[in-house]
Asker: 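Questions regarding the structure given below will be posed in turn.
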Amino acid sequence: MKKRMRIRIPLRYKLLAIIVIVLVSSGSFAAYHFYDMLKHEREEIQKANLRLSKEVADDIDEMISRSFSVLLALSRHPSVAAKDSQECDRLLSELLPAYPEYRNILVAGMDGKNYCTAIDPAGSRKLNFTDLQWFRQGSAGKHYVGDLHIS
C-alpha cells in the first residue's frame with residue numbers, strides 16, 4: 001500500500017487565509033451596504049426634487065394667474081381704454097415697482113404697436129408685435145404664456 005503524503009500548511013498561511021476571507025467578506029458587505037445606502041439617498045433626493053418642482057410649478061401658476069388678473073384690470077382702466085399714452089405710461093411706471101418679478105408692463109393695440117409702457121416710452125414706441133406668437137394669441141382673445149420676450 002501506498003502511504004499518503006500529507007501536505008503541511010504552515011500556521012502563518014492558515015492565519016493569512018483566514019484574514020483574507022474575513023477582509024473579502026467584510027469588504028463585500030461594506031460595498032453592498034454603501035451602494036444600498038446610495039440608492040436610498042438617491043431616491044430621497046428624487047422625492048425632494050419632485051416636491052420642490054411641484055412647489056415651484058404651483059408658485060409659477062399662481063404668479064401667472066395673478067398676472068392675468070392684473071392685466072385684465074389694467075385693460076379696463078380708462079387711460080388704457082382711451083389709448084392715452086402719457087397717462088397710461090405714468091400709471092404703468094407707478095405700478096411696475098409693486099411687481100418685482102416683472103421687467104416691464106406694456107400695452108399694444110390691435111395693430112401690434114406699443115402705445116403704453118412702464119419703461120422707456122421713446123424706444124418702445126417703435127416696436128411692432130404682430131409677428132410674435134404671444135401677440136397673435138392675445139389678440140385672438142386667448143391666454144398665452146411663452147418664453148421671455150426680449151426686445
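Quantities reported herein were computed from a predicted structural model and do not represent experimental measurements.
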Asker: Measuring from Ser65:OG to His143:NE2, what's the distance to the nearest 0.5 Å?
Answerer: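 Answer rounded to 0.5 Å: 9.0 Å.
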Asker: Nearest 0.5 Å please: distance from the OG1 atom of Thr130 over to the CZ atom of Arg136.
Answerer: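 So the OG1 of Thr130 and the CZ of Arg136 are separated by 8.5 Å.
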Asker: Please list, one pair per line, the donor and acceptor atoms closer than 3.5 Å that link side chains of residues 50-59 to other protein atoms, with sequence neighbours excluded.
Answerer:
from	atom 1	to	atom 2	distance (Å)
Ser53	OG	Asn49	O	3.2
Ser53	OG	Leu50	O	2.9

Asker: Under 4.5 Å side-chain heavy-atom separation, chaining through any Ile, Leu, Val, Met, Phe, Trp or Tyr, what else clusters with Tyr13? Say none if it is isolated.
Answerer: Ile9
Asker: Should Ile19 and Leu23 be marked as a side chain to side chain contact (heavy atoms under 4.5 Å, CB included) after you check the CA-CA gap, both sets of side-chain angles, and the distance that decides it?
Answerer: CA-CA 6 Å; Ile19 291 172; Leu23 287 178; 3.9 Å; yes
Asker: Test side-chain hydrogen bond (donor to acceptor under 3.5 Å, both in side chains) on Ser67 and Tyr99; report intermediate values, then the result.
Answerer: CA-CA 9 Å; Ser67 295; Tyr99 297 93; over 6 Å; no
Asker: Applying the side-chain contact (heavy atoms from CB on, under 4.5 Å) test to Ile105, which of Leu95, Val70, Leu91, Ile119 qualifies?
Answerer: Leu95
Asker: Indicate yes or no: at least one non-hydrogen side-chain atom of Phe68 is less than 4.5 angstrom from one of Val145.
Answerer: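 Yes, close enough: below the 4.5 Å cut-off.
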Asker: Kindly assign one of parallel, tilted or perpendicular to the pair Trp134 and Phe129, based on the angle between their ring planes and the thresholds 30° and 60°.
Answerer: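 Tilted.
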Asker: With rounding to the nearest 0.5 angstrom, report the NE2 to NE2 distance, His40 to His33.
Answerer: 10.5 Å
Asker: Hey, any chance Leu71 and Tyr102 share a hydrophobic cluster, counting ILVMFWY side chains that come within less than 4.5 Å of each other, even indirectly?
Answerer: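 Linked, Leu71 and Tyr102 end up in one cluster.
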Asker: Could you tell me whether a side-chain N or O of Tyr115 sits under 3.5 Å from a main-chain N or O of Val80, the two making a donor and an acceptor?
Answerer: yes
Asker: To the closest 0.5 Å, what do you measure between CG (Asn104) and OG (Ser93)?
Answerer: 10.0 Å
Asker: Under 3.5 Å, which donor-acceptor pairs do the side chains of residues 106-113 form with other protein atoms, sequence neighbours left out?
Answerer:
from	atom 1	to	atom 2	distance (Å)
Asp111	OD1	Lys113	N	3.0

Asker: Atom CG in Asp89, atom CD in Gln86: separation rounded to 0.5 Å?
Answerer: 8.0 Å
Asker: As an exercise, state the distance from SG of Cys116 to NZ of Lys83, rounded to the nearest 0.5 Å.
Answerer: 11.5 Å
Asker: Report yes or no: does Ser75 contribute a side-chain atom to a donor-acceptor pair with the main-chain N or O of Leu72 at less than 3.5 Å?
Answerer: yes
Asker: Please test Glu43 against Lys47 for salt bridge (charged side-chain N to carboxylate O under 4.0 Å, His left out), starting from the C-alpha separation and ending with a verdict.
Answerer: CA-CA 6 Å; Glu43 289 171 356; Lys47 287 177 187 175; 5.6 Å; no
Asker: Over all heavy atoms of both residues, which pair between Cys88 and Ser79 is shortest? Give the atoms and the distance, please.
Answerer: CA-OG, 3.8 Å
